[in-house]
2 protein chains.
Amino acid sequence: TDVLPASSLRDPYINDPVRPAALKVHSEKPFNAETPAPLLTENFLTPNDVFYIRNHMPVPHVDAQSYELEVSGVGIASPLNLTLQDLQEQFPKHCVDVTFSCAGNRRTDMEEYKHVKGLDWGPGGIGTARWCGAKLVDVLRAAAFDISQGAQHIQFDGMDVDVEGNSYNVSIPIQTASSPEREVLLAYEMNGQPIPVDHGFPVRAVVPGTTGARSVKWLARVVASEEEAQGHFQQKDYKVWTSNVNFGDALFDAPAIQEMPVQSAICKPTPSSTIPRSAEHIELSGYAYSGGGRDIARVEVSTDGGNTWQLATMLPRESAPPPPHSFWRREWSWVLWSAKVAVPRDRAEVDLCCRAVDVAYNTQPESPAAIWNMRGLLTNSWHH
Amino acid sequence: TDVLPASSLRDPYINDPVRPAALKVHSEKPFNAETPAPLLTENFLTPNDVFYIRNHMPVPHVDAQSYELEVSGVGIASPLNLTLQDLQEQFPKHCVDVTFSCAGNRRTDMEEYKHVKGLDWGPGGIGTARWCGAKLVDVLRAAAFDISQGAQHIQFDGMDVDVEGNSYNVSIPIQTASSPEREVLLAYEMNGQPIPVDHGFPVRAVVPGTTGARSVKWLARVVASEEEAQGHFQQKDYKVWTSNVNFGDALFDAPAIQEMPVQSAICKPTPSSTIPRSAEHIELSGYAYSGGGRDIARVEVSTDGGNTWQLATMLPRESAPPPPHSFWRREWSWVLWSAKVAVPRDRAEVDLCCRAVDVAYNTQPESPAAIWNMRGLLTNSWHH
Ligand SMILES: [Mo]
Ligand SMILES: [Mo]
């Protein structure tokens, strides 16, 4: 009789770690879970044990002692194989406070308008951590990378693989990868700790200002190439098609999501909260973020669903002191904000709502209708 | 008897040149005029004689022979006085195709929703030219500029002065000024010609990806400073306040407009055009542009005012070949687009409408209501 090999019986998720209890789970295998919104505004830096987890595949087992990162490709004259110790000792340690957001963050708000396909992320698919590691530009220099040889993209391969053996493979444009001011890291620390297993132990690419999907966890390879990565999550997903395109339709070639548009959300109070009849004011708190290093110009809140607005107070960032040679005033992290609004006396229900504007004066759309897309990505309409 | 000095009788606009007849004039003194929209999509590079003109003050008379540009300020170890010939001969000539847009472009669309204050710009306060000159980073290097001395801004002073003797004075952040990839120029050529008088002869700052107001004409001084420029057009204007702020209200400190949000407009057909009863299709053309070097991801058009949409065709840019050491795929210029739509048979009037999305997936707001501001700046709602 035919006997199945033992490997096919083994649960591919056997290396997945035990997860913190605080997270709101959307999928067990692969594991996907968001931070309950009220926890987000408790800290500028989201603690590791409540940071949202977005896994596309089983968590790989990686041994820190034998770990090696391969650096190769077009224009790399001296390919490298770097151990964790090499990364830590051969390159200056650089720290950046970076907000990651899943491109599917707030998908439920788009789903409410019209059905979309994807995990049911609320507003907690976002978080900010202090990442430390080697700068990608320093590692590329050590590999004698010559940009004039024609590389247009830097690909990142994860050690996570799907059932067909394809590893997680995405890329970022060469100008993001090779610009010192973009501060791309090969990180080995998250909030002062070794990176937790679910967040990419021992080494994760960290691409500031860019959607979380490009910050590859369990990083195996850095490959310079003329072409964009051909992996599923670069080519077939994490693209925003128009409202006209529905499931099963032919797809035109939309750009891979890199920088994200301006976003904000109310974290407190949570939807359907009740207000005591005696309350005169409601205290609100939330976050605002924009991609590409664009700072937030302002946040506004409304108690009447967006007819009238008042300014929220943006809280100062608790960022690490800028490194000595950084003069780039890009902002890679969210701003937390708070607001105190008078309770309207003329109605039984209050429709709280927020919106933000970034320094390029980009705005959030009024409703999901204008940005509906079948995958429910980049839902950044006014948050009710 | 008191006799007024001759200078006070003299028209301060006496040096203003004769203007091309094709422009649509909004103000004679200072001279402000836009390009008729149908001319915009005739050429990727807008010809000099139809390029929109936005003057804030009388045009200064500048003699090319005696012209000197002063470079000084915080961290400038070797202040420079550069003649036009110095700029042309001591520095490599660098050319960039850059779209300028007045921050007031399309103000009429906001005015239609609710009264705003400013010149009545339609959609023609925009244009693209091939600018050539010395790179600001090269000039700063020649001036032995040391960024670590604390300069946070580069100020530009124009030779144009108001009645009180204040020159046009604005600034850009140091990271824009000092980043080679931002390609800021001290330009002396516009579309292969010496810069026309109305566009800043003999030298104009050219700040790609940034609102036109920072690209100072008749450039007198480049000054590195810790503070932002204190001039009127940096501090009191070219800021976008919220919809809550109206004329006479106290102003909170909004950021000076630098990068612009994503924009698009239909140039043909013009509003109120009639369509022959026999026509089966309408041909549309227009432009789309986003600030900060963000390329356009797509343009959509609608024949029912925005209920349903179809993709427009983006025309390839006719840009100069990239300079040998530029690997930055930023796009500083607009894309022109065309579309062919079926004439709807079920109505007497067709509400044509367009909208664009940039590569950061920023979107244009649906209506001016969401972005109304008393100065009518950055009107980038869907264009009908
Ligand atoms: Mo994601
Ligand atoms: Mo302007």
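Residue numbering restarts at 1 for every chain, and letters A, B, ... go by the order of the sequence lines.
Contact annotation for A/Pro255: both backbone and side-chain heavy atoms come within less than 4.5 Å of a heavy atom of chain B. With a threshold of 4.5 angstrom between heavy atoms, B/Ile257 approaches chain A through its backbone and through its side chain. Only the side chain of A/Glu300 comes within contact range of chain B, with heavy atoms under 4.5 Å apart.
Residues of residues 373-384 of chain B lying under 4.5 angstrom from chain A, judged on non-hydrogen atoms, are B/Leu378, B/Trp382 in numerical order.
Note that CD of B/Gln258 is 10.0 Å distant from OH of A/Tyr361, once rounded to the nearest 0.5 Å. Note that CD of B/Glu181 is 4.5 Å distant from CD of A/Glu181, once rounded to the nearest 0.5 Å.
Top candidate by heavy-atom pairs under 4.5 Å with chain A, chosen from B/Ala254, B/Pro261, B/Pro173, is B/Pro261. The choice from A/Val357, A/Thr210, A/Asp358, A/Leu311 that makes the most heavy-atom pairs within less than 4.5 Å of chain B is A/Leu311.
Within a 6.0 Å sphere centred on CD of A/Gln310, heavy atoms belonging to other residues, nucleotides or ligands number more than 12.
Take A/Thr363 and apply the side-chain hydrogen bond (donor to acceptor under 3.5 Å, both in side chains) test, not counting sequence neighbours, and it matches no residue.
Nearest heavy-atom pair across B/Gln175 and A/Arg330 is NE2-N, 4.3 Å.
Of the possible donor and acceptor atoms, none in the side chain of B/Asn244 sits under 3.5 Å from a partner among the backbone N and O of A/Thr308. Proximity of a side-chain donor or acceptor of B/Arg355 to a complementary backbone N or O of A/Ala370 within less than 3.5 Å is detected.
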